[in-house]
Amino acid sequence: MSIPSFGVGTFRLSGQTVIDSVTNALELGYRAVDTAQIYDNESEVGLAISQSNVNREDLFLTTKIWVDNYSKGKLVPSLKESLNKLKTDYVDLTLIHWPAPDGNVSLREYMEGLMEAKEQSLTKQIGISNFNIELTKQAIDIVGDNIIATNQIELSPYLQGRKITEFLKSQNIHVTSYMTLAYGKVLQDSALIDIANKHNATTAQVALAWAIKLGYSVIPSSTKRENLASNLLAQKLELDSDDMAKIYNLERNGRKVNPDGLAPVWDE
């Protein structure tokens, strides 16, 4: 099983807004959709998918288990509830959204819960999100090698995560980048603007193409159809070694997502 390199994210989108975003994305050719229990939009995502002309087997659907549902008695039932909302019998990928706050549920308990969900064919693949190197090592020890499909982590030209991404690659764990545009902060970066002008592209396309060239998957979101279409063109943008070197130098530990009580000790 492989993970698509390009998908549409739904973080912070709700109601008709997320229905329209997913609908537009599917019409434009997106075939991967990323959601989560805590986004409170799985029902709307499911509605958009069910109303589309895209066959379920042609889609790659990801959701994430929220921290309230990590215990043995809650994880699988919560995923079944997500499937009901998403109007599907399975998801392609289920992630643990954040490490359990204050270790109130053991890593073993929720990783084994993920494995149980996979064994019940509720999800084809399992993975993690926002795990540092040490927690990822512990998760591998629990489920075994080549079981964790991806670690979905915040990455952008301003936060390049070289230690964690190098480790993940060494363990054959795919890297999924979220917040690749750093809440739009990178869009006004002069170095990215120069690269964009050189390729007759947008700065968003440059940032997304940077991540793709490094082998990561990206899941940008947008409420505007034209931006969804423009982002998709990043897959065709070929950055050269000079471009990549300029972006390499933009690292500034520019983390945007660091919630108290959830975030682990990051690998800086």
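Contact annotation: the side chain of Glu27 never approaches that of Val54 to less than 4.5 Å [non-hydrogen atoms, C-beta and beyond]. In this structure, Leu83 and Leu122 have side chains that are in contact, with non-hydrogen atoms separated by less than 4.5 Å.
Rounded to the nearest 0.5 angstrom, Ser121 OG and Asp89 CG are separated by 10.5 Å. Distance check: Gln205 CD to Leu192 CG gives 12.0 Å after rounding to the nearest 0.5 Å. Atom CG of Leu239 and atom CD1 of Ile247 lie 5.5 Å apart (nearest 0.5 Å). A distance of 4.0 Å separates CZ of Arg56 from OG1 of Thr88, quoted to the nearest 0.5 Å. Note that CG of Leu61 is 11.0 Å distant from NZ of Lys124, once rounded to the nearest 0.5 Å.
Note on Leu95: it does not cluster hydrophobically with Ile164, by side-chain heavy-atom contacts below 4.5 Å among ILVMFWY residues. No chain of hydrophobic side-chain contacts below 4.5 Å, direct or via other Ile, Leu, Val, Met, Phe, Trp or Tyr residues, connects Ile3 to Ile147. Under a hydrophobic-cluster definition in which Ile, Leu, Val, Met, Phe, Trp and Tyr are linked whenever side-chain heavy atoms come within less than 4.5 Å, directly or via other members, Val45 and Phe60 are assigned to different clusters. Both Met111 and Met115 are members of a single hydrophobic cluster when ILVMFWY side chains are connected at heavy-atom separations under 4.5 Å. Linking ILVMFWY residues whenever their side-chain heavy atoms come closer than 4.5 Å, directly or via other members, leaves Leu159 and Ile153 in distinct clusters.
Tyr30 pairs by the ring-ring contact (aromatic ring centres under 6.0 Å, His included) definition with Phe6, not counting sequence neighbours. Applying the salt bridge (Lys or Arg N to Asp or Glu O under 4.0 Å) test to Glu81 and every residue at least two apart in sequence or in another chain returns Lys85. Residues forming a side chain to side chain contact (heavy atoms under 4.5 Å, CB included) with Ser14 (at least two apart in sequence, or on another chain): none. For Ser50, the side chain to side chain contact (heavy atoms under 4.5 Å, CB included) test picks out Leu47, Lys87, with sequence neighbours left out. With sequence neighbours excluded, no residue forms a salt bridge (Lys or Arg N to Asp or Glu O under 4.0 Å) with Glu134. Taking the side chain to side chain contact (heavy atoms under 4.5 Å, CB included) definition, one finds that Asn55 meets it with Glu57, Asp58, sequence neighbours left out. Scored by the side chain to side chain contact (heavy atoms under 4.5 Å, CB included) test, Ser177 finds Leu155, Thr180, Tyr216, Val218 as partners (sequence neighbours excluded). Take Tyr248 and apply the ring-ring contact (aromatic ring centres under 6.0 Å, His included) test, not counting sequence neighbours, and it matches no residue.
Asp40 CG: 12 or fewer foreign heavy atoms inside a 6.0 Å radius. The 12-atom threshold is exceeded at CD of Glu251, counting heavy atoms of other residues, nucleotides or ligands nearer than 6.0 Å. The environment of Gln188 atom CD is sparse: at most 12 non-hydrogen atoms of other residues, nucleotides or ligands sit within 6.0 angstrom.
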Checklist entry - Yes or no on side-chain hydrogen bond (donor to acceptor under 3.5 Å, both in side chains) for Thr35 and Glu42, after CA distance, side-chain angles and deciding distance? => result CA-CA 7 Å; Thr35 184; Glu42 289 174 316; 5.2 Å; no
Checklist entry - Yes or no on salt bridge (Lys or Arg N to Asp or Glu O under 4.0 Å) for Lys246 and Asp194, after CA distance, side-chain angles and deciding distance? => result CA-CA 10 Å; Lys246 288 178 181 177; Asp194 288 344; 5.9 Å; no
With a 3.5 Å cut-off and sequence neighbours excluded, list the donor-acceptor pairs that the side chains of residues 256-268 form with protein atoms.
residue, atom, partner, partner atom, Å
Asn258, OD1, Trp266, NE1, 2.7
Asp267, OD2, Ile133, N, 2.8

If you look only at distance, which donor and acceptor atoms sit under 3.5 Å apart when one is on a side chain in residues 66-75 and the other is two or more places apart or in another chain?
residue, atom, partner, partner atom, Å
Asn69, ND2, Gln37, OE1, 3.0
Tyr70, OH, His97, N, 3.3
Tyr70, OH, Trp98, N, 3.0
Tyr70, OH, Trp98, O, 2.6

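Distance alone, capped at 3.5 Å, places no donor-acceptor pair between the Asn231 side chain and the Pro220 backbone. Put simply, the side chain of Gln125 never gets that close to the backbone of Ile148: no donor and acceptor are under 3.5 Å apart. Although no hydrogens or angles enter the test, the distance criterion places no donor-acceptor pair under 3.5 Å between the side chain of Arg162 and the main chain of Thr165. The main-chain N or O of Leu13 is never found under 3.5 Å from a side-chain atom of Thr17 such that the two would form a donor-acceptor pair. With Asn200 contributing its side chain and Ala196 its backbone, the two residues share no donor-acceptor pair below 3.5 Å. Although no hydrogens or angles enter the test, the distance criterion places a donor-acceptor pair under 3.5 Å between the side chain of Gln235 and the main chain of Leu232. No side-chain donor-acceptor contact under 3.5 Å links Thr63 to the backbone of Thr94. Of the possible donor and acceptor atoms, one in the side chain of Ser52 sits under 3.5 Å from a partner among the backbone N and O of Ile49. Panel note: side chain Arg108, backbone Ile142; no donor-acceptor pair is recorded below 3.5 Å. Put simply, the side chain of Thr136 gets close to the backbone of Asn132: a donor and an acceptor are under 3.5 Å apart.
Salt bridge annotation for Lys198-Asp243: present, with a cationic side-chain nitrogen under 4.0 angstrom from a carboxylate oxygen.
If you check the side chains of Thr23 and Gln51, you find no donor sitting under 3.5 Å from an acceptor.
Within the structure, side chain to side chain donor-acceptor pair (under 3.5 Å) contacts touching residues 142-158 (residues at least two apart or in different chains) are Asp34-Gln152, Asn146-Asn172, Thr150-Thr176, Tyr158-Asp189. Applying the ring-ring contact (aromatic ring centres under 6.0 Å, His included) test to residues at least two apart or on different chains, none of the pairs has a partner in residues 162-188.
Ala117 and Val76 make their closest contact through N-CG2, 4.0 Å (heavy atoms, listed as atom of the first residue, atom of the second, distance). Heavy-atom minimum distance, Ser217 versus Pro4: OG-O, 2.7 Å. Between Ser78 and Ile65, the closest heavy-atom pair is OG-CD1, 3.9 Å. The nearest pair of heavy atoms linking Val186 to Pro157 is CG1-CD, 4.0 Å.
Between Ile96 and the choices Leu135, Ile126, Leu114, Asn130, the side chain to side chain contact (heavy atoms under 4.5 Å, CB included) rule is met once, by Leu114. Leu208 pairs in a side chain to side chain contact (heavy atoms under 4.5 Å, CB included) with only one of the listed residues (Thr203, Thr202, Leu237, Leu181), which is Leu181.
Note on ring orientation: taking the six-membered ring where Trp is involved, the planes of Phe11 and Tyr39 are tilted (angle from 30° to 60°).
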